[in-house]
Each structure stands twice: as C-alpha cells, then as structure tokens.
Amino acid sequence: MDELDIKILKLLEENGRLSHEEIGKLLHISRPTVHQRVGKLEKNGVIKGYKAVVDWGKLDQKIKVMISVKVVSQSFKETAGKIIGIQIPGVTIIECQRLAGEWCMLLKVRVTSPDQLTLLLDEILRFEGIKETSTTFILSTIYEEGIKDI
C-alpha cells in the first residue's frame with residue numbers, strides 16, 4: 001500500500017459513493033488505475049464495506065448519547081450481545097466498543113426522548129454482570145469540515 005492508496009481510502013471514507021471516474025479526476029489518475037487499486041483494497045480486506053450517512057433527525061432520534069458500562073462478567077461477549085439485542089421502540093444502538101480502563105464498554109446510542117433512554121438504561125441494568133452505567137449527552141460532533149449538528 002502506498003500514498004496513492006491512502007488518498008483513495010480517504011476519499012472513499014468521506015464519500016463511499018464516489019465513482020472510480022470521480023476519484024481518478026480528483027487524484028489525476030486513470031479510472032482503470034482506481035478500479036484496480038480499489039479492487040485490491042477490497043480483496044485484501046482493507047475496505048470492509050460501504051455505509052450510508054443517516055439523518056437521524058428525520059427518524060425523530062435527535063438525541064445522541066454515549067453510555068459507559070462496567071461489566072463484571074466472565075462472558076463479556078455474551079453480555080455485549082444481550083445489550084446489542086435490546087429492542088425498544090425509539091432506541092437505536094449504533095455502536096458497541098470494548099474498552100480497556102475503568103469502563104469496559106462504550107455504547108453510542110440514538111433515542112427519541114429521555115424516556116426512551118431511561119427504558120434502555122433500566123433494561124441494561126437488569127442484566128447479570130452489569131455493575132454501573134454512566135451516560136453523556138452529545139451536543140455536537142466535530143469533523144474535518146467543521147462542527148455538525150447532531
């Protein structure tokens with residue numbers, strides 16, 4: 001992998017819908033060169049997939065929170081699987097990260113209301129092995145191109 005591959009990856013990370021032709025124009029290389037390099041990056045597992053950027057506000061899930069969780073369980077994966085599997089209307093668990101340090105897990109969550117968040121926290125605390133949670137409300141997120149509303 002070289003600097004050109006890194007440039008292609010950065011462009012695709014910003015906008016996974018860019019065509020090979022558009023990437024070629026931006027980087028001043030041919031479309032077949034982009035096609036070959038992207039294919040190799042996909043084959044080698046560097047590019048694992050493409051995703052959509054969702055406007056959660058249109059789904060009425062405007063509240064974004066991070067929930068830190070302390071887990072005292074011998075089966076972390078099982079506990080994480082149970083948490084990820086929670087189904088509550090108006091609640092979407094976006095990510096679950098395993099951490100080293102004081103907190104064991106970090107959840108990135110979208111909810112429609114504080115009431116939905118309360119239901120989620122109550123459900124998480126019902127699981128055996130959950131010691132404690134701490135919730136932080138996210139006000140905005142900063143990207144390279146500037147601050148974005150949640």
Side-chain angles (χ1 to χ4, degrees), residues 1-20 22-23 26-27 34-35 37-150:
M1 187 151 57
D2 61 15
E3 187 63 32
L4 186 54
D5 287 332
I6 299 294
K7 288 178 182 179
I8 291 170
L9 290 170
K10 284 181 179 180
L11 287 171
L12 286 172
E13 195 172 46
E14 289 174 18
N15 181 358
R17 293 184 64 123
L18 280 175
S19 70
H20 292 175
E22 291 171 309
I23 293 169
L26 290 167
L27 299 179
V34 174
H35 180 76
R37 286 176 175 262
V38 169
K40 187 176 178 183
L41 292 165
E42 290 172 341
K43 181 180 176 190
N44 291 336
V46 176
I47 296 175
K48 294 188 172 278
Y50 300 87
K51 66 178 185 175
V53 177
V54 178
D55 182 348
W56 291 97
K58 295 202 186 258
L59 298 173
D60 198 30
Q61 292 189 358
K62 296 178 182 176
I63 301 171
K64 184 167 55 170
V65 298
M66 299 296 245
I67 302 172
S68 299
V69 183
K70 286 185 184 176
V71 179
V72 288
S73 171
Q74 297 298 329
S75 179
F76 181 90
K77 285 185 180 181
E78 183 180 319
T79 303
K82 288 179 184 177
I83 290 172
I84 292 169
I86 294 173
Q87 298 290 316
I88 299 171
V91 174
T92 303
I93 299 174
I94 306 294
E95 291 181 355
C96 176
Q97 304 291 332
R98 186 169 189 174
L99 306 176
E102 182 179 354
W103 297 94
C104 306
M105 184 185 305
L106 182 67
L107 303 171
K108 183 168 129 182
V109 178
R110 291 278 188 171
V111 297
T112 57
S113 71
D115 292 336
Q116 300 316 102
L117 177 58
T118 300
L119 291 172
L120 175 62
L121 292 171
D122 289 348
E123 190 67 27
I124 290 171
L125 289 168
R126 283 191 186 109
F127 293 130
E128 186 176 329
I130 301 298
K131 182 177 178 184
E132 183 180 352
T133 65
S134 176
T135 303
T136 303
F137 284 81
I138 298 172
L139 302 176
S140 62
T141 301
I142 300 171
Y143 296 96
E144 286 182 35
E145 60 272 9
I147 295 176
K148 301 280 181 158
D149 291 329
I150 60 170

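For the single chain, residues carry numbers from 1 onward in sequence order.
- Here the CD1-CD1 distance, from Ile124 to Ile130, works out to 7.0 Å after rounding to the nearest 0.5 Å.
- Interatomic distance, CD1 of Ile23 versus CG of Leu11, reported as 6.0 Å (0.5 Å rounding).
- For the atom pair NZ of Lys10 and CD1 of Ile6, the computed distance is 7.5 Å after rounding to the nearest 0.5 Å.
- Ile94 places none of its side-chain heavy atoms less than 4.5 Å from the side chain of Leu107.
- Here Leu9 contributes atom CG and Leu41 contributes atom CG; the two are 5.0 Å apart, rounded to the nearest 0.5 Å.
- Shown are Thr133, Leu99, Val69; of these, the side chain to side chain contact (heavy atoms under 4.5 Å, CB included) with Met105 is made only by Val69.
- Between the side chain of Asp2 and the backbone N or O of Leu4 there is at least one donor-acceptor pair closer than 3.5 Å.
- Ile84 approaches Ile93 most closely through the heavy-atom pair CA-CD1, 4.2 Å.
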| query | Between Lys64 and Val109, is a side-chain contact (heavy atoms from CB on, under 4.5 Å) present by the stated rule, with each step listed? | reply | CA-CA 6 Å; Lys64 184 167 55 170; Val109 178; over 6 Å; no
| said: Quick one, Leu117 with Phe137, criterion side-chain contact (heavy atoms from CB on, under 4.5 Å). Give me CA distance, side-chain angles, the key distance, then yes/no. | reply: CA-CA 11 Å; Leu117 177 58; Phe137 284 81; 3.6 Å; yes
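- Side-chain contact between Ile86 and Val91 is absent, with no heavy-atom pair separated by less than 4.5 Å.
- Looking at Glu102 and Lys70, their side chains come closer than 4.5 Å, going by heavy atoms from C-beta outward.
- Within the 4.5 Å cutoff, the side chain of Ile63 has heavy atoms near those of the Val65 side chain.
- At a threshold of 4.5 Å between non-hydrogen side-chain atoms, the residues Asn15 and Glu22 do not count as touching.
- By the neighbour-count criterion of 12 heavy atoms within 6.0 Å, atom NZ of Lys40 is sparsely surrounded, having that number or fewer from other residues, nucleotides or ligands.
- To the nearest 0.5 Å, atoms NZ (Lys82) and OG (Ser75) are separated by 8.0 Å.
- Between Tyr50 and the options Arg17, Glu13, Glu42, a side-chain hydrogen bond (donor to acceptor under 3.5 Å, both in side chains) holds for only Glu42.
- Here CD of Glu132 is found 10.5 Å from SG of Cys104. Values are rounded to the nearest 0.5 Å.
- Looking only at atom types and distance, the side chain of Thr92 has a donor-acceptor partner in the side chain of Gln61 under 3.5 Å away.
- In terms of modelled atom types and a separation under 3.5 Å, the side chain of Gln116 and the main chain of Ser113 share no donor-acceptor contact.
- Looking at Asp5 and Val46, their side chains never come closer than 4.5 Å, going by heavy atoms from C-beta outward.
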